[in-house]
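Encoded as structure tokens, the structure appears first; notes follow it.
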Amino acid sequence: MAFADVLAGLELDIPAYTVAQQEEDDRQLHLLIGAAVLQREVAENLQVRSWLVPASPECTALLIGNGPTETSDRDRVHERAGDDLTALCELVIRRSDAEEQLLKFMEVPGESQGALVFACLLQLCGYVRNARFWWAFAAGAGSTTAAYCLFLDGLLLDRAEEAVHCYESLGGADFVHDHSDDPPHYWGMTIGLSRELDQHIERVSHEDFGVIALPGPGLPANVGRRQTSMR
């Protein structure tokens with residue numbers, strides 16, 4: 001006997017679908033739709049607060065280069081990259097070991113974590129070119145956070161391909177993976193920072209790299225005091 005014949009021989013008692021049941025089903029359906037919409041909104045909000053990466057909608061649109069909207073895409077990327085870079089620099093400066101890392105960097109210039117701290121400090125003080133120099137130094141010494149800073153900096157310079165190269169080849173993605181639960185946030189470290197710390201930043205001339213900023217003797221202690229005042 002075919003399976004279809006078995007089904008045909010069954011006597012099924014199908015209850016009537018009442019108006020009350022239909023209204024209840026409609027209510028449940030609307031609840032499910034509302035929950036799905038809320039879940040999507042939460043996901044979108046989390047994306048806004050997460051670190052910018054090449055796969056983010058803003059970067060994707062810019063890398064594709066979709067014609068008329070390219071300028072607005074670039075503006076969105078600049079805004080996100082600038083916000084993320086400032087937030088990340090503040091995170092680095094606020095770490096409890098920032099003063100210690102700066103001291104170590106002054107004693108052992110090849111130390112990558114101290115170079116990262118110094119670069120982020122330079123960025124917050126407005127020494128953008130020198131910050132880029134020390135991020136490249138730190139990234140070359142193995143700092144994935146510095147590589148991610150170079151990624152954001154490259155986006156700000158409209159060097160999207162170079163930015164993605166830093167992200168992929170120097171390990172910038174590892175920073176995002178390790179810090180996925182630390183969304184960008186501001187603490188206001190930039191307020192008065194340049195005025196207070198500028199006197200502790202020295203400058204030397206180099207025949208290949210031009211003027212390079214170096215940490216002066218009083219810089220680590222002043223960073224430590226700044227941290228204490230922000231807690």
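- Contact annotation: the side chain of Leu88 approaches that of Trp51 to within less than 4.5 Å [non-hydrogen atoms, C-beta and beyond].
- Atom CD of Glu162 is separated from atom OG of Ser169 by 11.0 Å, given to the nearest 0.5 angstrom.
- For Glu24, the side-chain contact (heavy atoms from CB on, under 4.5 Å) partners at least two apart in sequence or on another chain are Arg27, Gln28.
- Summarising the geometry, atom CG belonging to Leu52 is positioned 6.0 Å from atom CG belonging to Leu155; distances are rounded to the nearest 0.5 Å.
- A 4.5 Å side-chain heavy-atom check between Phe151 and Glu168 finds every atom pair outside the cut-off.
- Distance check: Cys120 SG to Arg94 CZ gives 14.0 Å after rounding to the nearest 0.5 Å.
- Heavy atoms only, all atoms of each residue included: Ala98 and Val92 are closest at CB-O, 3.9 Å.
- The two residues Ala138 and Ala146 come nearest to each other via the heavy atoms CB-CB, 3.6 Å.
- The heavy-atom pair separating Leu156 from His78 by the smallest distance is CD2-O, 3.4 Å.
- Counting only heavy atoms from C-beta outward, the side chains of Leu152 and Arg80 never approach each other to under 4.5 Å.
- Between the Ser56 side chain and the Cys59 main chain, no donor and acceptor come within less than 3.5 Å of each other.
- Classification of the Phe105-Phe118 ring pair by plane angle, with boundaries at 30° and 60°, yields tilted.
- The distance from the CD atom of Glu100 to the CD atom of Gln113 is 10.5 Å, given to the nearest 0.5 Å.
- Using a 4.5 Å heavy-atom cutoff, the side chains of Asp84 and Tyr148 are in contact.
- Of all heavy-atom pairs spanning Phe175 and Thr144, the tightest one is CB-O, 3.7 Å.
- With contacts defined as side-chain heavy-atom distances shorter than 4.5 Å, the pair Cys89/Leu85 qualifies.
- Leu116 contributes atom CG, which lies 6.0 Å from atom SG of Cys149 (distance to the nearest 0.5 angstrom).
- Going from atom CZ of Arg132 over to atom CG of Leu150 covers 9.0 Å, rounded to the nearest 0.5 Å.
- A 4.5 Å side-chain heavy-atom check between Thr18 and Gln21 finds at least one atom pair inside the cut-off.
- Using a 4.5 Å heavy-atom cutoff, the side chains of Tyr167 and Val176 are in contact.
- By the side chain to side chain donor-acceptor pair (under 3.5 Å) test, Gln101 is found to be paired with Asp97, residues two or more places apart in sequence or in another chain being considered.
- A donor-acceptor pair is defined here as one N or O able to donate and one able to accept, closer than 3.5 Å; such a pair exists between the side chain of Thr86 and the backbone of Gly82.
- Using a 4.5 Å cut-off on side-chain heavy atoms (C-beta onward), Val117 and Ile93 make contact.
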